Amino acid sequence: MSDVPERWSKAAVHPDMWADPDEDPRNRDGASPDGELATLRDFLDDYRLTLRLKCEGLDPEQLARRSVPPSTMSLLGLVRHLAEVERDWRNWISPGGPAPKLYGARDADFEGAAAEQALVDGAFADLAREQAATDAALEGHQDLGTRVGRDGTSVRELWVHRIEEYARHCGHADLLRERIDGRVGQ
């Protein structure tokens with residue numbers, strides 16, 4: 001017997017999809033939003049939701065399961081990492097010194113991702129809090145060309161980098177989820 005799970009999807013219409021189009025919460029009726037900022041928000045929201053979907057229905061052991069040695073990557077580690085990243089992006093535009101790391105020094109977000117319900121709950125709470133705080137900080141800058149922070153980074157660049165970070169890690173989440181229980185899909 002193999003410990004490799006059989007590939008599967010909840011979708012019946014398109015078996016390579018995460019869910020059928022009528023049941024996918026990322027699908028909306030109507031046109032995409034108008035305007036650059038609304039479009040950026042929409043893409044970021046979809047990637048954030050994709051990450052949550054990839055974690056949905058898993059227990060702490062599954063969420064903390066590492067990919068393959070020597071990698072320390074896990075779905076729980078990704079959630080913790082993205083909370084840390086949200087804080088880091090906010091540090092770029094916040095006055096004063098940077099906020100302290102959430103999980104400690106280098107790679108602690110992945111290294112400390114253990115199969116404990118309290119750590120899982122804390123990671124998702126940290127992520128929601130950090131997302132809201134960074135969103136609020138950027139909401140104060142409606143002109144995407146505004147240069148902010150010590151390095152004069154444009155607000156547009158901060159939005160795009162956040163989208164890129166989630167998109168890249170959602171790809172990792174796809175592979176991690178398939179390794180855990182065989183579930184595939186976009």
Side-chain angles (χ1 to χ4, degrees), residues 16-19 21 24-56 63 67 71-110 113 123-178 184-186:
D16 62 330
M17 296 178 79
W18 185 256
D24 192 330
R26 297 166 295 184
N27 291 346
R28 295 174 204 66
D29 292 331
S32 60
D34 291 329
E36 185 179 7
L37 181 56
T39 300
L40 293 171
R41 283 184 188 132
D42 191 52
F43 270 84
L44 183 60
D45 288 347
D46 276 355
Y47 281 119
R48 286 173 169 174
L49 178 54
T50 297
L51 178 69
R52 287 194 308 271
L53 290 171
K54 295 296 175 171
C55 296
E56 191 174 79
L63 288 167
S67 58
S71 176
T72 59
M73 191 176 294
S74 66
L75 287 168
L76 180 56
L78 286 176
V79 170
R80 290 163 51 103
H81 173 71
L82 286 165
E84 199 77 78
V85 165
E86 289 281 356
R87 179 173 278 208
D88 285 345
W89 286 115
R90 196 169 63 257
N91 281 336
W92 282 54
I93 62 174
S94 298
K101 295 279 191 188
L102 291 169
Y103 305 109
R106 184 180 176 185
D107 291 334
D109 40 1
F110 288 103
F124 280 97
D126 289 344
L127 181 59
R129 183 190 64 247
E130 296 301 322
Q131 287 171 336
T134 304
D135 289 348
L138 290 176
E139 293 296 328
H141 304 284
Q142 295 295 304
D143 178 355
L144 296 175
T146 301
R147 300 268 172 194
V148 295
R150 296 174 294 280
D151 298 332
T153 305
S154 75
V155 171
R156 177 180 293 103
E157 185 176 344
L158 293 171
W159 278 99
V160 171
H161 271 296
R162 290 167 76 206
I163 293 166
E164 178 271 335
E165 186 83 21
Y166 279 88
R168 183 164 33 96
H169 290 312
C170 281
H172 295 131
D174 285 340
L175 297 172
L176 288 162
R177 180 64 188 248
E178 186 174 357
V184 296
Q186 85 296 357

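Numbering of residues begins at 1 and proceeds along the displayed sequence. Values reported hereafter were calculated over all heavy atoms of this structure, with side chains retained and with hydrogens, waters and symmetry mates removed. All of these numbers come straight from a predicted model, not from anything done at the bench.
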Non-hydrogen side-chain atoms of [X] and [Y] separated by less than 4.5 Å:
X: V85; Y: D109; answer: no
X: R156; Y: E36; answer: yes
X: L144; Y: S154; answer: no
X: C55; Y: V79; answer: yes
X: L49; Y: L53; answer: yes
X: Y103; Y: D126; answer: yes

For a quick test of reading the model, state the closest non-hydrogen atom pair linking [X] to [Y] and the distance between them.
X: L127; Y: L82; answer: CD1-C, 3.7 Å
X: F43; Y: I163; answer: CB-CD1, 4.1 Å
X: A113; Y: G77; answer: CB-N, 3.7 Å
X: A137; Y: I93; answer: CB-CD1, 3.8 Å
X: A123; Y: R80; answer: CB-CG, 3.6 Å

Value rounded to 0.5 Å, distance of [atom1] in [X] from [atom2] in [Y]:
X: E157; Y: W92; atom1: CD; atom2: CH2; value: 6.5 Å
X: L63; Y: L78; atom1: CG; atom2: CG; value: 10.5 Å
X: R177; Y: L75; atom1: CZ; atom2: CG; value: 7.5 Å
X: S74; Y: L176; atom1: OG; atom2: CG; value: 7.0 Å

With sequence neighbours excluded, what pairs up with F110 under the ring pair (Phe, Tyr, Trp, His ring centres under 6.0 Å) test?
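Testing F110 for ring pair (Phe, Tyr, Trp, His ring centres under 6.0 Å), a comparison that skips the adjacent residues, returns H81.
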Under 6.0 Å from the CZ atom of F124, do we count more than 12 heavy atoms belonging to anything else shown?
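Enclosed.
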Would you indicate whether D34, at its atom CG, is surrounded by more than 12 heavy atoms from other residues, nucleotides or ligands within a distance under 6.0 Å?
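For D34, atom CG is not crowded (no more than 12 foreign heavy atoms under 6.0 Å).
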Can you pull the ring-ring contact (aromatic ring centres under 6.0 Å, His included) pairs that have at least one residue in residues 140-164, sequence neighbours excluded?
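Of all non-adjacent pairs touching residues 140-164, those that pass ring-ring contact (aromatic ring centres under 6.0 Å, His included) are W89-H161.
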Determine whether the side chains of D46 and Y166 contain a donor N or O and an acceptor N or O closer than 3.5 Å.
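Absent: no donor and acceptor within the cut-off.
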Hey, are T134 and R87 close enough side-chain-wise for a donor-acceptor pair under 3.5 Å?
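The criterion, which ignores hydrogens and geometry beyond distance, is not satisfied for T134 and R87.
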For R162, which residues count as a salt bridge (Lys or Arg N to Asp or Glu O under 4.0 Å) partner, sequence neighbours excluded?
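E86, D135.
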Hey, are [X] and [Y] close enough for a salt bridge, meaning a charged N less than 4.0 Å from a carboxylate O?
X: E56; Y: R52; value: no
X: D45; Y: R26; value: no
X: R41; Y: E139; value: yes
X: K54; Y: D174; value: yes

Counting N and O atoms only, with roles assigned by atom type, does the side chain of [X] sit under 3.5 Å from a partner on the main chain of [Y], one being a donor and the other an acceptor?
X: D143; Y: G145; result: yes
X: S94; Y: R90; result: yes
X: E84; Y: L102; result: yes
X: N91; Y: A99; result: yes

D16/V184 under side-chain contact (heavy atoms from CB on, under 4.5 Å): CA gap, chis, key distance, verdict:
CA-CA 7 Å; D16 62 330; V184 296; 5.8 Å; no
